[in-house]
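Order of the sequence lines fixes the chain letters, A, B, ..., with proteins taken first and strands second; residue numbering starts at 1 for each chain.
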Amino acid sequence: MSKAKYTVTAALPYANGPLHLGHVAGVYLPADIFVRFLRKNGHDVVFICGSDEHGAAITLRAKKEGITPQEIVDKYNKIIGDSFRQFAISFDIFHRTSEPLHHETAQEFFKVLEAKGKFIQETTEQYYDEDFQQFLADRYITGECPNCQNPSAYGDQCEKCGSDLSPTDLKNPVSTLSGKSPVLRSTSHWFLPMDRHEEWLRPWIKEGILDGKQQHDPKTWRNQVIGQCMSWIDGGLHPRAMTRDLDWGVPVPLPGADGKVLYVWLDAPIGYISATKQWALDNGKDWKDYWVTNGTNDRKLVHFIGKDNIVFHAIIFPILLKDHGGFILPDNVPAYEFLNLEGDKFSTSRNWAVWLHEYLERYPDKIDELKYTLTCIAPENKDSEFTWKEFQARVNNELADILGNFVNRALVLTQKYYEGAVPACGELTEADQAVLADMKAIPQRIADLVYQYKLRDAQAEAMQLARLGNKYLADNEPWKLVKTDSKRVETIMHIALQITANLGLVLDPFLPETAAKLRAFMNIEPQDWDASGNLLVSAGHQTAAPTILFPKIDDEFVAREVEFLNASQPVASNFPPQKEETSFDDFTKMDIRLGTIVDAIRVPKADKLLQLTVNTGLDTRTIVSGIAEHYAPEEVVGKTVAVLMNLAPRKIRGVESQGMILMAENEEGKLSFMIPEKGFDAGGEIR
RNA sequence: GGCGAGGUAGCUCAGUUGGUUAGAGCGCAGGAUUCAUAACCCUGAGGCCGAGAGUUCAAAUCUCUCUCUCGCUACCA
């Protein structure tokens, strides 16, 4: 019976920044361990990844830095790809969504769905800004309200009379981008009616049943995944736009769809397919063998992702695959929680991160140490935390003391007693047989755990073999017996060496570099998983003198890394670029004054909003402000702050806000009032 | 605010369908040992299982309320 074919994907990293340890621990490393195991265990596997290189964030960043989007994605594709290679994440291909093959694949996919009537197409007349060459979202258009003649009504709503509007209702519409009148152009968008799919999604996610057949075992799916999906489905799915008006991405492959690209949902996940195609082309394979259903369950698709990506991979992509037809659906979507760092969240803007490429640069010889630690603390079921102190403890107490030490003592004794040759095995005691039985059982236990995606436990089980070895030596004390019973010592050392050799196989998925070193010491070849647990070397086989596998990590190392982390300044400036020049006249239209907050309450059912009563010197008015996460109601009362007085009133969460509190924002997104230095009173004009 | 997932020994985490003294690794204490990277091995101490209420002969496990953390989502002119 041939084993199942696996298509394993790891979430596509977004090509606008490097990878940090959180990404590694929560997606790439577990995926790699899983794949390395599957390969050893005789599965046909293709391991897919690539960089996601489209989307508005990249174009915005390019604009800010004054370079092209292509330059950005080229830069980060290289940094990320190089890190993966050096860290020995064994992708079969690391592709990119800007490749022509991907564009073709995504377009083809779109066309099939379109032809099958799987989309709802909505064509509307929308305003278009000719200077900025883009369609305008409703709120980027202002004009005169047809009902109350308010000259500054928004495209979606007139704040003055409260009537709901559409942009075409406005008289004399103006684009807030260019300040000029926009023109009407017809535009179409394609929506995926997800609501049509609730019926089959429910049993598929909850029970693993697809088209009346058992497709996967929902018990192996994580709670979080099933919980979040069911919550979405039970809450009712809604049609979602699958296209966007943007000039950076995969163009919508239909006539009259200029300036439109496929939305990320129809772009990034299809990157898994296009990457497989490229790999197949490069290696003389057929990509369809890994994606197309053959009516059985022996082709499995597995998506390793972070928890922020669950709905995307467990609902939307499956809908797309099913709508297209002919594809297999995910067998599992192992979603990882998040990793924290030294008591705080990873944060790119604060540069609170251990960047993978920097780690590799500093410690190119400590790759397996990092892998081991990250697997130990992998956030499989809840958020977890990386600290350098824990890294030190894991390396010193476990890798060095238990694993490294066992290997070293077994091989050093062999050198001493037998000049490196494996001694013969004599008669086995009951204890010997028990140890060999344990050794035999471990690979099976590891395999069971891996198939359940419990990789942390699986690695611990592999370490169990080293513990077994240490205990065996301690129990049998060959260094004592050697003086009285050298025959018995031969058997003991024979068994110790079998354990050592087995470590060289069993550790392979987790610590590939270490396993290779171990096999070099033992002078054996890599073998399939089936071989592990058995006797791997015979009497007379020559072993080598060992070197230290894991040097200890001293306290200075930890202190240095913690200091480095604390000293790192925010990377590039995250402040937005300067806005376009404006006229003095326009500036003087703004009426900004000091106002004193006399009362503050939380707006019900809103996390971020405070309803403030403000004495402006002219009057006392109500202003709703999105500062609740930065100021408690009681601490703002009495403060005199900057207020934009003549902003058109607007209803927010049912409360009319008459003006706006001006806030300063720092790089972390924290907000601060603007308070007069000399303690001026309410009413003071700000110019 | 709505929804989802978590809150279990100092730390990192397991606890299957409710059932005897709640587990593992590390750390800590004591012991034993010296082949080995002052390593290994043995023993032990440590938990009101986030808080409160309920269902039950029996609750870490089921129900409700509250609270803290993370994610998705809404609100942020």
Side-chain angles (χ1 to χ4, degrees), chain A residues 139 152 154 159 176 219 222-232 234-235 306-312 335 337-340 345 373 376-387 389-390 393-394 396-417 454 456-457 459-461 463-464 466-467 469-482 489 492-493 496 546-552 602-610 623-630 644 647-650 652-655 657-663 671:
Chain A
R139 60 180 175 184
S152 55
Y154 289 94
E159 264 77 29
T176 59
K219 279 185 185 162
R222 304 226 157 108
N223 288 348
Q224 166 95 308
V225 176
I226 294 176
Q228 191 169 346
C229 288
M230 289 315 292
S231 135
W232 268 62
D234 290 341
K307 67 174 162 182
D308 51 345
N309 245 330
I310 289 173
V311 169
F312 197 103
E337 307 276 323
F338 285 174
L339 188 72
N340 293 318
K345 281 198 259 189
T373 305
C376 283
I377 62 169
E380 288 181 356
N381 296 310
K382 52 184 157 189
D383 291 355
S384 62
E385 180 171 338
F386 178 90
T387 64
K389 202 162 167 36
E390 167 141 17
R394 295 282 184 185
N396 290 356
N397 303 334
E398 298 180 28
L399 283 181
D401 288 355
I402 293 170
L403 174 59
N405 182 47
F406 168 68
V407 170
N408 195 52
R409 68 201 295 207
L411 285 165
V412 164
L413 282 178
T414 305
Q415 288 294 318
K416 241 184 223 177
Y417 299 159
K454 294 183 176 178
R456 208 173 41 199
D457 289 348
Q459 179 176 262
E461 195 61 44
M463 285 295 285
Q464 204 53 43
R467 291 177 205 278
N470 275 322
K471 184 167 163 48
Y472 181 71
L473 287 182
D475 286 350
N476 289 281
E477 302 182 305
W479 49 90
K480 274 188 185 168
L481 277 180
V482 75
V489 171
I492 294 168
M493 289 312 299
T547 54
I548 295 297
L549 282 175
F550 304 104
K552 296 253 184 155
R602 288 185 174 276
V603 175
K605 302 189 179 187
D607 287 353
K608 297 186 183 174
L609 302 179
L610 287 188
I623 296 177
V624 177
S625 186
I627 57 174
E629 288 178 335
H630 305 89
L644 177 55
L647 184 67
R650 183 183 165 121
I652 301 166
R653 280 266 151 189
V655 182
S657 178
Q658 302 157 313
M660 172 174 171
I661 307 292
L662 301 186
M663 308 295 294
L671 299 182

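- For G46(B), the base is syn relative to its sugar; the glycosidic angle is within 90° of 0.
- Remark: K307(A) engages E337(A), D383(A) in a salt bridge (Lys or Arg N to Asp or Glu O under 4.0 Å) (not counting sequence neighbours).
- Taking atom CD on E390(A) and atom P on G27(B), their separation rounds to 11 Å, with Å as the unit.
- Rounded to whole Å, the distance from CG on L339(A) to C1' on G6(B) is 16 Å.
- For the pair N223(A) CG and A14(B) P, the computed distance is 11 Å after rounding to whole Å.
- Between P478(A) and L473(A), the closest heavy-atom pair is CD-O, 3.5 Å.
- K382(A) meets the salt bridge (Lys or Arg N to Asp or Glu O under 4.0 Å) test with no other residue; sequence neighbours excluded.
- The nearest pair of heavy atoms linking S384(A) to I377(A) is OG-O, 2.6 Å.
- The shortest non-hydrogen separation linking L411(A) to P546(A) is CB-CG, 3.6 Å.
- Closest approach of W479(A) and Y417(A) over heavy atoms only: CA-OH, 3.3 Å.
- C42(B) and G27(B) have their P atoms separated by 14 Å, with the value rounded to a whole Å.
- A straight line from CG of L610(A) to P of A77(B) spans 11 Å, rounded to a whole angstrom.
- Every residue two or more places apart in sequence or in another chain was checked for a salt bridge (Lys or Arg N to Asp or Glu O under 4.0 Å) with E385(A), and none qualifies.
- Distance noted for atom C1' between C26(B) and A45(B): 16 Å (whole Å).
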Decide side chain to side chain contact (heavy atoms under 4.5 Å, CB included) for M493(A) and V482(A); before the verdict, give the C-alpha distance in whole Å, the side-chain angles of both, and the deciding distance to 0.1 Å. CA-CA 11 Å; M493(A) 289 312 299; V482(A) 75; over 6 Å; no

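- Closest-nucleotide positions on RNA chain B for E380(A) and S231(A) were compared, and the one nearer the 5' end corresponds to S231(A).
- One can place CD1 of I226(A) at 16 Å from C1' of G6(B), the figure rounded to the nearest angstrom.
- Between G47(B) and C64(B), the two P atoms lie 31 Å apart (nearest whole Å).
- Taking atom CG on N381(A) and atom P on A60(B), their separation rounds to 21 Å, with Å as the unit.
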Between N or O atoms, less than 3.5 Å apart, protein on one side and nucleotides 63-68 of chain B on the other: list the pairs.
none

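- Residues passing the ring pair (Phe, Tyr, Trp, His ring centres under 6.0 Å) test with F406(A), sequence neighbours excluded: none.
- Applying the side chain to side chain donor-acceptor pair (under 3.5 Å) test to D475(A) and every residue at least two apart in sequence or in another chain returns K471(A).
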Its contact letters, B for base, S for sugar-phosphate only and - for none at protein heavy atoms under 4.0 Å, make nucleotides 29-40 of chain B read -----SBBB-SS

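- The interatomic distance linking Q459(A) (CD) with A14(B) (P) rounds to 15 Å, in whole Å.
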Contact state string [nucleotides 70-76 of chain B, B base, S sugar-phosphate only, - no protein heavy atom under 4.0 Å]: BSS-BBB

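- On the P atoms, C49(B) is 16 Å away from U20(B), given to the nearest whole Å.
- With both ends at atom C1', the span from C62(B) to U17(B) equals 12 Å, rounded to whole Å.
- Judged as a side chain to side chain donor-acceptor pair (under 3.5 Å), the pairs with a partner in residues 396-413 of chain A (not counting sequence neighbours) are, in order, Y372(A)-E398(A), R394(A)-E398(A), D401(A)-K552(A), R409(A)-N470(A).
- Comparing C28(B) with G10(B), their P atoms are spaced 15 Å from each other, to the whole Å.
- To the nearest whole angstrom, the two P atoms, one in U8(B) and one in C13(B), are 9 Å apart.
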Pair pattern of RNA chain B in dot-bracket, where unpaired bases get dots and | marks partners in another strand, Watson-Crick or G-U under 3.5 angstrom: (((((((..((((.....[...)))).((((.........)))).....(((((..]....))))))))))))....

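- For E461(A), the side-chain contact (heavy atoms from CB on, under 4.5 Å) partners are I442(A), R445(A), I446(A), L449(A), Q464(A), not counting sequence neighbours.
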Using side chain to side chain contact (heavy atoms under 4.5 Å, CB included), reason through V407(A) and L549(A) one step at a time and then give a plain yes or no. CA-CA 9 Å; V407(A) 170; L549(A) 282 175; 4.2 Å; yes

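- Within the structure, a side-chain polar atom (N or O) of R456(A) is placed less than 4.0 Å from OP1 or OP2 of A14(B).
- Contact annotation for D234(A): no contact, since no heavy-atom pair falls under 4.0 Å across all strands.
- Residues that satisfy the side chain to side chain donor-acceptor pair (under 3.5 Å) test with D234(A), not counting sequence neighbours, are R202(A).
- Distance, N396(A) CG to C26(B) C1': 12 Å, rounded to whole Å.
- Of all heavy-atom pairs spanning L339(A) and P379(A), the tightest one is N-CG, 4.2 Å.
- The P atoms of A24(B) and U43(B) are separated by 11 Å, rounded to the nearest whole Å.
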